[in-house]
Amino acid sequence: MPEIDIAEVVAEVSAAFQRYEVALNANDVAVLDELFWNNPLTLRYGIGENLYGYAQIAAFRSGRSPAGLARRIKATVITTYGRDMATANTLFERDSAPGKIGRQSQTWMKTPQGWRVVAAHVSLIAAA
């Protein structure tokens, strides 16, 4: 069984997650692309799209409007499993989606290039 939540690994993943969050709010496509694993096995299920492979994810990001992307994080839980795998789950609100709460789940893997998202899922539900 892997060691859970090694402090320095949690700090590394938290930093990568924060870098992703800053890039998302700024629509910094280059950083967003960098933080996803460049591999055909990477996937992202979005609010209105199912993307299989890094190429589809990158094409989606480069063609997406930056309007309405800014968001406020409500809660984030980062859990690490050993030194090479982690999950990051967060709730968020967007002015562009009033009355909704967003949910984002990411699976992160440590690669020779650093921490990369290998799977992601984003959805919206009615706010409680």
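Basis for what follows: all heavy atoms, side chains included, without hydrogens, waters or symmetry-related copies. If you read the sequence from its start, that first residue is 1, and numbering goes on from there.
Closest heavy-atom contact between W37 and M109: CE2-CE, 3.6 Å. Minimum heavy-atom separation, D33 to A58: OD1-CA, 3.7 Å. Between A75 and T90, the shortest heavy-atom distance links the atoms O-OG1, 2.6 Å. Heavy-atom minimum distance, A88 versus I78: CB-CG1, 4.0 Å. Heavy-atom minimum distance, V77 versus T79: CG1-OG1, 3.9 Å. Minimum heavy-atom separation, L124 to A97: CD1-CB, 4.2 Å.
Inter-residue side-chain proximity for T107 and Y81 is flagged as unmet; no heavy-atom pair is nearer than 4.5 Å. Two residues are said to be in side-chain contact when any heavy atoms from C-beta on lie closer than 4.5 Å; F17 and E21 meet this criterion. Under the 4.5 Å side-chain criterion, counting only non-hydrogen atoms from C-beta, R64 is in contact with L32. Using a 4.5 Å heavy-atom cutoff, the side chains of E8 and R83 are in contact. For the pair V117 and T42, the minimum side-chain heavy-atom distance is 4.5 Å or more.
A single hydrophobic cluster is not seen to contain both L69 and F60; linkage of ILVMFWY side chains at heavy-atom distances under 4.5 Å, directly or through other members, places them apart. Hydrophobic cluster membership differs between I6 and M85, with clusters built from Ile, Leu, Val, Met, Phe, Trp and Tyr side chains linked at under 4.5 angstrom. Both V31 and L24 sit in one connected hydrophobic cluster of ILVMFWY residues. Membership requires side-chain heavy atoms under 4.5 Å apart, directly or through other members. Taken together through direct or relayed side-chain contacts under 4.5 Å among Ile, Leu, Val, Met, Phe, Trp and Tyr, L43 and Y54 form parts of separate hydrophobic clusters. Cluster membership check: F92 does not share its hydrophobic cluster with V22, using side-chain heavy-atom separations under 4.5 Å among Ile, Leu, Val, Met, Phe, Trp and Tyr.
Note that CG of L91 and OG1 of T76 are 8.0 Å apart. Values are rounded to the nearest 0.5 Å. Expressed to the nearest 0.5 Å, how far NZ of K74 lies from CD of E93 amounts to 4.0 Å.
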Show every donor-acceptor pair shorter than 3.5 Å between a side-chain atom in residues 99-106 and any protein atom, with sequence neighbours excluded, or say none if there are none.
from	atom 1	to	atom 2	distance (Å)
R103	NE	S123	OG	3.2
R103	NH2	S123	OG	3.2
Q104	OE1	R71	NH1	3.1
Q104	OE1	R71	NH2	2.8
S105	OG	N89	OD1	2.7
Q106	OE1	W108	NE1	3.0

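The existence of a salt bridge linking E34 and R19 is confirmed by a sub-4.0 Å separation between a basic side-chain nitrogen and an acidic carboxylate oxygen.
For the side-chain contact (heavy atoms from CB on, under 4.5 Å) with Y20, the lone residue among D28, L35, N25 that qualifies is L35.
Take E3 and apply the salt bridge (charged side-chain N to carboxylate O under 4.0 Å, His left out) test, not counting sequence neighbours, and it matches no residue. Scanning for side chain to side chain contact (heavy atoms under 4.5 Å, CB included) contacts around N50 gives Y45, Y52, with sequence neighbours left out.
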V122 vs R44, test: side-chain contact (heavy atoms from CB on, under 4.5 Å). Steps then yes/no.
CA-CA 8 Å; V122 182; R44 180 184 176 276; 4.1 Å; yes
